[in-house]
Amino acid sequence: MSEQPKLGRSIEELSPGELAIYTAFSDADFVERLIRFLSLEERKGKDKFQSKRFTLFKGLFRNFDDAFLPVLKPHLQRLSEDTQESSQRCLSEIVSALIRGYKHWPYEKIEKLWEFLVPILRTVLGQMTVETIRDWNTCFTAASESRDPRKLYWLLETLMESPIRGDGGSFSDASRLFVLQGCLIQQEWRVPSLLHRLLAYLEQHLTHTYKNVRDRVGNVLSWIFLFDYTMPNGNVTTSPHTQEFASKLLPRLTALKKLVIEGGASASNMEVMEVQSSEDEARQDIIKLSKTVMKWLIGSIGKMFSHVTPEMLQFLPMLAPLETVESDEELSELACLTLACMAQSLMPSHIIPHAIKALEQVAIGTSWHGKCSMLQYMQVMIFYNLYAISQPQYVEQIKNLIVGLLKDERLEVREAAATTLSGLFHCGFFKMDSQLQKDFEKLCKTKLPAKRLRLQDPQFNAEAFYSSIIQRHAGVLGLSACIQSCPYDVPIWMPQILMDLTDHLHDPQPIELTVRKTFSDFRRTHHDNWQEHKQQFTDDQLVILTDLLVSPCYYA
C-alpha cells in the first residue's frame with residue numbers, strides 16, 4: 001500500500017517532470033493549440049482512432065484527476081458541435097481516455113463529470129456519420145473494456161436511451177445500436193439486467209421497415225443470447241434465454257407455412273401489394289420478421305459457445321421452404337445461409353433426435369421446395385456429425401425418411417431424395433443390404449396397365465396409373481442411387497442391379513429418362529478402368545451392356 005501513488009495530489013507533491021506536464025496542460029493557449037492540432041485532418045478517408053493519443057489523455061486524467069477539466073471542457077463542447085470527421089475523431093479519443101482515466105476518482109468528481117459528459121454524448125449519438133461511426137464504436141469499446149459496469153452506469157444508461165427512435169433516418173438507428181452493441185460486448189456476462197431490458201426493447205422492432213436496422217437488430221440479438229450456456233453441473237445463467245425468446249417467435253412464424261409467394265412476382269409488384277390491404281401488410285411483417293430471425297440465427301451459430309439448441313432447430317420447418325423464393329432475393333439468400341450454418345454445426349447425441357424431428361416435419365409438409373432444401377441440409381448435417389449420428393436408431397429413422405421421399409408425388413423431390421441416398425451410400429452411412437435391394441426391386445415391379453388400355457378404355461383411372469408410376473419410379477431411383485454410389489468400382493451386387501434396370505428402358509417417363517441417365521453416368525465414371533471392371537460381368541451381361549452403351553455404327 002505504501003507504494004501506491006497518492007490520489008488528488010497538490011502541486012507541491014508533484015515531481016519536477018510531473019510539474020512541467022501540469023504547467024503545460026493548465027495553460028489555456030497551449031491546450032487550444034494542441035486540440036486544434038489533434039483535430040486536423042491528415043489523410044482524408046484514411047485517418048482513424050489513434051491509440052497513442054488515447055493513451056496520452058488517459059494518463060493525464062489518471063495521474064492528475066480532474067485538474068485539466070476546466071481548460072478542456074470548452075474544447076470538448078466545441079468539438080461535439082462540429083460534425084467534421086477530424087473533430088469527431090479527436091473528441092472520441094479524449095472522451096474514451098477520460099472514461100478510462102477516472103477509474104480511481106472519488107464518486108463526487110465522477111458524478112460531476114457525467115453531468116457534463118451525458119449531454120455531449122447525446123449530441124454525438126444523434127449526428128454520427130459513415131466516417132465517424134467506427135471511431136465512436138472504438139471509443140465506447142475501449143472505454144468499457146474490462147471495467148466494472150457500476151462504474152459505467154451513466155454511459156450504459158445513455159446508450160440505452162431509445163436507440164431506435166427514427167430521427168436521423170435508418171442509419172442513425174443502426175449506428176446507435178452498433179455502438180451500444182460494442183459497449184455491451186465488452187461487459188460480457190456482467191450486465192444481465194441490461195440485456196433483458198434491451199431484449200424487451202428490440203422485440204418491438206423485429207419487423208422494422210429498414211433492412212440495415214433489422215440486420216443490426218439480428219446481430220445484437222446474437223450477442224444478447226451469447227451467454228445462455230449452462231456448464232456441466234453448473235447453474236443456469238441469469239442472462240436472457242433462447243428458449244423463452246423462441247417460444248414467442250414460433251407462433252408468429254407459423255404464418256410462413258400459409259404464405260404463397262408467387263415465383264413470377266417481381267419486387268415492384270410486391271411493393272405495390274404491401275399497401276393494398278392489411279392482410280398484405282401482415283404478410284410483409286411476417287417476411288421481415290423471418291429475415292430478422294435468420295440474421296439472429298446466422299450470427300448466433302457463428303459465435304456460440306455451445307451447440308445448436310433444440311429451439312433453433314424448431315425454426316427449420318418454417319425456413320426451409322424460403323430458400324427457393326424467387327420474388328425476394330434477400331429472403332432466399334438468408335434462408336440458404338441459415339440452413340448452411342445450421343447444417344455445419346456440431347450436434348451432441350442428445351440434440352440429434354430434435355434435428356430428425358424437424359426433418360420429419362418438413363417431409364410431411366406441403367412445400368416441395370422445402371423438402372428439396374431439407375434433403376440438401378440433411379446431407380451436410382450428416383457429413384458434419386457422421387460419428388454421432390451413426391447410431392442404429394438414427395440411421396433407421398433417416399433411411400425411412402428418405403425412402404418415403406422417394407415416393408413423393410413431386411418429381412424434383414424424388415430426384416433429390418435419390419441424390420441424397422446415393423451420397424449416404426457412398427460415405428458408408430447406409431449399408432447396401434439385400435433387404436433394401438429387395439424393397440427397391442419390389443417397387444420396380446409395380447404393375448402398369450397396357451398402353452392400349454390407357455388409350456382406349458374410357459373408364460381408365462388416371463390417378464391410380466400416376467400413383468403406380470410414382471411407386472415404380474421410386475424403385476428405379478433407389479436402384480439408380482445404388483449404382484451412382486460406386487462411381488469408380490463394381491461391387492458384386494452391381495451387375496444384377498444394372499440388368500434389372502434394363503427392364504425399364506421402355507417404361508413411361510420419367511422412368512425411362514432416369515434409367516438412361518443412370519447408364520450414361522455409369523459409362524462415364526467406369527470408362528477409364530473398364531478392362532478391369534468388365535471382369536465382374538458375365539458374357540451375356542456384357543452383350544446387353546454393349547448394346548446399351550455403344551452406339552451402333554452407321555456403316556455396319
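The first residue in the sequence is number 1, and the count goes up from there.
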Problem set entry | Check: Ile133 main-chain N/O paired with Asn137 side-chain donor or acceptor under 3.5 Å | no
Exercise. Ignoring hydrogens and geometry, is there a side-chain-to-backbone donor-acceptor pair from Thr254 to Pro251 under 3.5 Å?
Worked result: yes
Exercise. Are the side chain of Asp408 and the backbone N or O of Val413 linked by a donor-acceptor pair below 3.5 Å?
Worked result: no
For this session: Answer with yes or no whether the side chains of Lys447 and Ser468 bring together a donor and an acceptor at under 3.5 Å.
Result: no
For this session: Report the distance from atom CG of Asp285 to atom NE2 of His208, rounding to the nearest 0.5 Å.
Result: 12.0 Å
For this session: Start with the C-alpha gap between Asp173 and Asn212, add the side-chain angles, then the distance that decides, and say whether side-chain contact (heavy atoms from CB on, under 4.5 Å) holds.
Result: CA-CA 9 Å; Asp173 291 343; Asn212 57 341; over 6 Å; no
Exercise. Side-chain contact, heavy-atom cut-off 4.5 Å: Gln536 with Gln541?
Worked result: no
For this session: Output the distance between atom CD1 (Ile287) and atom CG (Leu331), rounded to the nearest 0.5 Å.
Result: 6.0 Å
Problem set entry | Distance-only polar pair, side chains of Ser373 and Glu323, donor-acceptor under 3.5 Å | yes
Exercise. Shortest non-hydrogen contact from Ala418 to Ala481?
Worked result: O-CB, 3.5 Å
Exercise. Taking the six-membered ring for Trp, is the centroid-to-centroid distance between Phe537 and Trp530 below 6.0 Å?
Worked result: yes
Problem set entry | Pairs touching residues 496-511 that satisfy salt bridge (Lys or Arg N to Asp or Glu O under 4.0 Å), sequence neighbours left out | Arg472-Asp507
Exercise. Has the side chain of Gln496 got a donor or acceptor atom that lies under 3.5 Å from a matching backbone atom of Trp493?
Worked result: no
Exercise. Angle class for the Phe315/Trp296 ring planes (parallel below 30°, perpendicular above 60°, tilted otherwise)?
Worked result: perpendicular
Problem set entry | Any donor-acceptor N/O pair, Gln509 side chain to Leu513 backbone, under 3.5 Å | yes
Exercise. Has Tyr210 got more than 12 heavy atoms of other residues, nucleotides or ligands less than 6.0 Å from its OH?
Worked result: no
For this session: Please name the pair of heavy atoms, one in Leu194 and one in Met160, separated by the smallest distance, quoted to 0.1 Å.
Result: O-CE, 3.8 Å
Exercise. Should Leu206 and Arg252 be marked as a side-chain contact (heavy atoms from CB on, under 4.5 Å) after you check the CA-CA gap, both sets of side-chain angles, and the distance that decides it?
Worked result: CA-CA 11 Å; Leu206 297 177; Arg252 299 172 63 182; 4.2 Å; yes
Problem set entry | Taking every non-hydrogen atom, the tightest pair across Tyr377 and Met347 | OH-CE, 3.7 Å
Exercise. More than 12 foreign heavy atoms under 6.0 Å from NZ of Lys303: is that the case here?
Worked result: yes
Problem set entry | More than 12 heavy atoms from other groups under 6.0 Å of CD on Gln204 | yes
Exercise. With a 4.5 Å limit on heavy-atom distance, are the side chains of Leu180 and Leu198 in contact?
Worked result: yes
Problem set entry | Rounded distance (nearest 0.5 Å) linking atom CG of Leu199 with atom CG of Leu221 | 6.5 Å
Exercise. Counting heavy atoms not belonging to Asn235, are there more than 12 under 6.0 Å from its CG?
Worked result: no
Exercise. Can you check side-chain contact (heavy atoms from CB on, under 4.5 Å) on Leu226 and Trp189, steps first, answer last?
Worked result: CA-CA 9 Å; Leu226 179 63; Trp189 49 268; over 6 Å; no
For this session: Give a yes or no on whether the ring-centroid distance for His350 and His307 is below 6.0 angstrom.
Result: yes
Problem set entry | Ser480 side chain to Thr518 side chain, donor-acceptor N/O pair below 3.5 angstrom | yes
Exercise. Is a side-chain N or O of Ser162 found less than 3.5 angstrom from the main chain of Arg165, in a donor-acceptor match?
Worked result: no
Problem set entry | Check: Ser485 main-chain N/O paired with His426 side-chain donor or acceptor under 3.5 Å | yes
Seminar exercise, completed: Minimal heavy-atom distance between Val213 and Ser170, with the atoms involved, is CG2-O, 3.6 Å
Exercise. Where do Phe440 and Ile497 land on the side-chain contact (heavy atoms from CB on, under 4.5 Å) test, with the steps shown first?
Worked result: CA-CA 10 Å; Phe440 290 146; Ile497 291 182; over 6 Å; no
Problem set entry | Reported CD-to-CD1 distance for the pair Gln397 and Ile352, which is rounded to 0.5 angstrom | 10.5 Å
Exercise. Has the side chain of Arg190 got a donor or acceptor atom that lies under 3.5 Å from a matching backbone atom of Pro149?
Worked result: no
For this session: Kindly write out the residues that satisfy salt bridge (charged side-chain N to carboxylate O under 4.0 Å, His left out) with Lys407, not counting sequence neighbours, or none if the list is empty.
Result: none
Exercise. So His533 and His526, would you call those rings parallel, tilted or perpendicular, with 30° and 60° as cut-offs?
Worked result: perpendicular
For this session: Using a 4.5 Å cut-off on heavy atoms from C-beta on, say whether the side chain of Met378 contacts that of Leu359.
Result: yes
Exercise. Do Glu512 and Arg516 sit within salt-bridge range, that is, some charged N less than 4.0 Å from a carboxylate O?
Worked result: yes
Exercise. Which distance, rounded to the nearest 0.5 Å, do you find between the CG of Leu322 and the CD of Glu333?
Worked result: 13.5 Å
Exercise. Does a side chain donor of either Thr324 or His369 reach within less than 3.5 Å of an acceptor in the other side chain?
Worked result: yes
Exercise. Is Asp521 salt-bridged to Arg524, cutoff N-O under 4.0 Å?
Worked result: yes
Exercise. Between Thr420 and Gln379, do the side chains contain an N or O donor and an N or O acceptor separated by less than 3.5 Å?
Worked result: yes
For this session: Check Pro192 against Pro240 and note the closest heavy-atom contact, atom names and distance.
Result: O-CD, 4.5 Å
Exercise. Which of these passes side-chain contact (heavy atoms from CB on, under 4.5 Å) with Leu297: Leu319, Leu334, Leu339?
Worked result: Leu319
Exercise. When you measure from the side chain of Tyr201 to the backbone N and O of Ile164, does any donor-acceptor pair fall under 3.5 Å?
Worked result: yes
Exercise. With a 4.5 Å limit on heavy-atom distance, are the side chains of Met312 and Ile301 in contact?
Worked result: yes
Exercise. Considering only heavy atoms from C-beta outward, does the side chain of Thr309 approach that of Gln243 to under 4.5 Å?
Worked result: no
For this session: Consider only side-chain N and O atoms of Thr242 and Asp228, and report whether a donor and an acceptor are under 3.5 Å apart.
Result: yes
Problem set entry | Any donor-acceptor N or O pair under 3.5 Å, side chains Gln437, Glu441 | yes
For this session: Measure the shortest side-chain to side-chain distance between Pro510 and Arg414 over non-hydrogen atoms and say whether it is less than 4.5 angstrom.
Result: yes
For this session: Compare all side-chain heavy atoms of Lys295 with those of Arg214 and state whether any distance is below 4.5 angstrom.
Result: no
Exercise. Does the distance from a Lys or Arg side-chain N to an Asp or Glu carboxylate O, for Asp215 and Lys291, drop under 4.0 Å?
Worked result: no
For this session: Indicate yes or no for a side-chain donor-acceptor contact from Asn385 to the backbone of Ala388 under 3.5 Å, with no hydrogens or angles considered.
Result: no
Seminar exercise, completed: Heavy-atom nearest pair, Ile469 first then Ile511, reads O-CD1, 4.0 Å
For this session: Working to the nearest 0.5 Å, report the span between NZ of Lys399 and CZ of Phe430.
Result: 6.5 Å
Exercise. Side chains of Ser345 and Tyr384: does their closest heavy-atom pair fall under 4.5 Å?
Worked result: no
